[in-house]
Amino acid sequence: MSDPTGAVAPVTDEEIFTGHEGGKLSVAATRPISSPRDLSIAYTPGVAKVSRAIAEDAAKAKRYTWADRLVVVVSDGTAVLGLGDIGAGASLPVMEGKSVLFKTFGGLDSIPLVLDTTDVDEIVETLVRLRPSFGAVNLEDVSAPRCFELEDKLKEALDCPVMHDDQHGTAIVTLAALRGANLVLDRSIADQRVVVSGAGAAGVACAKILQEAGIGDVTVLDSRGIIHSGRDGLNPVKERLAATTNKAGLRGGLAEALEGADVFLGLSGATIDESLLGRMAGGGIVFALSNPDPEVHPEAAARYASIVATGRSDFPNQINNVLAFPGVFRGALDSGARAITENMKLAAAEAIVSVAMDDLGPDRIVPSPLDPRVAPEVATAVAKAAEADGVTD
């Protein structure tokens, strides 16, 4: 139960385990089988006619099976929530939960698929062989930097939408939240410098989408400090970041990065000294998104910033991926998209903001994750963008 402010009342361990007992998913028939006639249509002999038709024309599988509307939620269990590398089996409750969200918010059937391998090529080969059984791939909780290689290879190998939600779902909702915050403050992202603390999956994707959206500058930090051209030991992903970010040419750590910055975006899982936020430009924006413990407590951040957001449901301005992924995949599948493009992601972010426009405020820069308007609006915007980009059948 939640209170009128949207905060979630504490739950007990017993409630949690009871809520997961037996799993959170089941398969339900879409046609009743209550007579011999029903059986002859749904199964033998009737089903043979459908199979023959698909054998003659593979495109008919889209109409006569569920595969075209089925999302597989794929994980190897190497970066699960804040738990780290806990393995495929332990990741399954999370993937089941993701499938529940697909159904609840996007109206899409989804199944979890956890793989007992961390080899990128083995995962790709497995999904290529399973391709006739699904219509889209949601990658989940795969560690960086392997997640970048895996997504790239799957996009190349599969003729269907593929998206790593930890990267792009986070990026879409973060952009939407920044748009909302700037509307409240009457500012433009073109004039802002964002400090991104964390160069993992989410940090890299957020930096990229902010650049696509026209941000003034992005400074990205990893555990060794500011990522900049000429720094030793950068992997290929960070080398690309170094080439396109940090226009100011900053060196050093978080203290140097935050000097005069307009936005702090925390995606590292590490706590920071709240006094560092005092180095930011006045009236700044702080998104402390690490879960369950934000980089800085929202009440402390509010002493330095005009707008504060977290990833938690018990504080205002929850930046939650459920605002993005159900509608993104629904729009991609509705339009028959073969891929998810950058423009589709940007369209999703704008759609999220549009739902919150009527009552934007410092404590409401994005809609509630439970707002039933969000997924349909996102799906419509994504479908239009897919058609405009020419990636639809």
Legend entry - Residue pairs fulfilling salt bridge (Lys or Arg N to Asp or Glu O under 4.0 Å) with at least one residue in residues 31-54, sequence neighbours excluded: none
Legend entry - same_hphob_cluster(V366, L210) at 4.5 Å side-chain heavy-atom cutoff: yes
Legend entry - Partners meeting side chain to side chain contact (heavy atoms under 4.5 Å, CB included) with I189 (sequence neighbours left out): L178, R179, N182, Q192, A213, I215
Inset, instruction - Consider only side-chain heavy atoms of I, L, V, M, F, W and Y, link residues closer than 4.5 Å, and tell whether V137 and V120 are in one cluster. - result: yes
Inset, instruction - Using side chain to side chain contact (heavy atoms under 4.5 Å, CB included) as the criterion, list what pairs up with I111, not counting sequence neighbours. - result: W66, L70, V72
For residues 331-338, run the donor-acceptor check on the side chains, cut-off 3.5 Å, and write out each pair with its distance to 0.1 Å, sequence neighbours left out.
from	atom 1	to	atom 2	distance (Å)
D334	OD1	R69	NH1	3.0
D334	OD1	R69	NH2	3.0
D334	OD1	R330	NE	3.1
D334	OD2	R330	NE	3.2
S335	OG	G331	O	3.0
S335	OG	A332	O	3.1
R338	NH1	V391	O	3.4
R338	NH1	T392	O	2.8
R338	NH1	D393	OD1	3.4
R338	NH2	G390	O	3.2

Inset, instruction - Taking side-chain hydrogen bond (donor to acceptor under 3.5 Å, both in side chains) as the test, write out the residues that go with E14, two or more places apart. - result: none
Inset, instruction - Apply side chain to side chain contact (heavy atoms under 4.5 Å, CB included) to D76 and list each qualifying residue two or more places apart in sequence or on a separate chain. - result: T78, T118, I123, V142, R146
Inset, instruction - Among residues two or more places apart or on two chains, list those pairs meeting side-chain hydrogen bond (donor to acceptor under 3.5 Å, both in side chains) that have a residue in residues 275-284. - result: E259-R279, D273-S275
Legend entry - ring-ring contact (aromatic ring centres under 6.0 Å, His included) partners for F287, two or more places apart: none
Legend entry - Residues which pass side chain to side chain contact (heavy atoms under 4.5 Å, CB included) with Q318, listed by chain and number, not counting sequence neighbours: S313, N320, P369
Inset, instruction - Find out if a path of hydrophobic residues (ILVMFWY) with successive side-chain heavy-atom gaps under 4.5 Å connects I307 to I319. - result: yes
Inset, instruction - Name all residues meeting the side-chain hydrogen bond (donor to acceptor under 3.5 Å, both in side chains) criterion together with D371; count only those two or more places apart in sequence or in a different chain, and write none if there are none. - result: R373
Legend entry - Residue pairs passing the salt bridge (Lys or Arg N to Asp or Glu O under 4.0 Å) test where at least one lies in residues 228-237, sequence neighbours excluded: D222-R231
Legend entry - Heavy-atom side-chain contact between V328 and H168 under 4.5 Å: no
Inset, instruction - Kindly state each residue pair satisfying salt bridge (Lys or Arg N to Asp or Glu O under 4.0 Å) with at least one member in residues 293-309, sequence neighbours excluded. - result: E274-R303
Legend entry - Flag side-chain contact, heavy atom, 4.5 Å: D359 against R364: yes
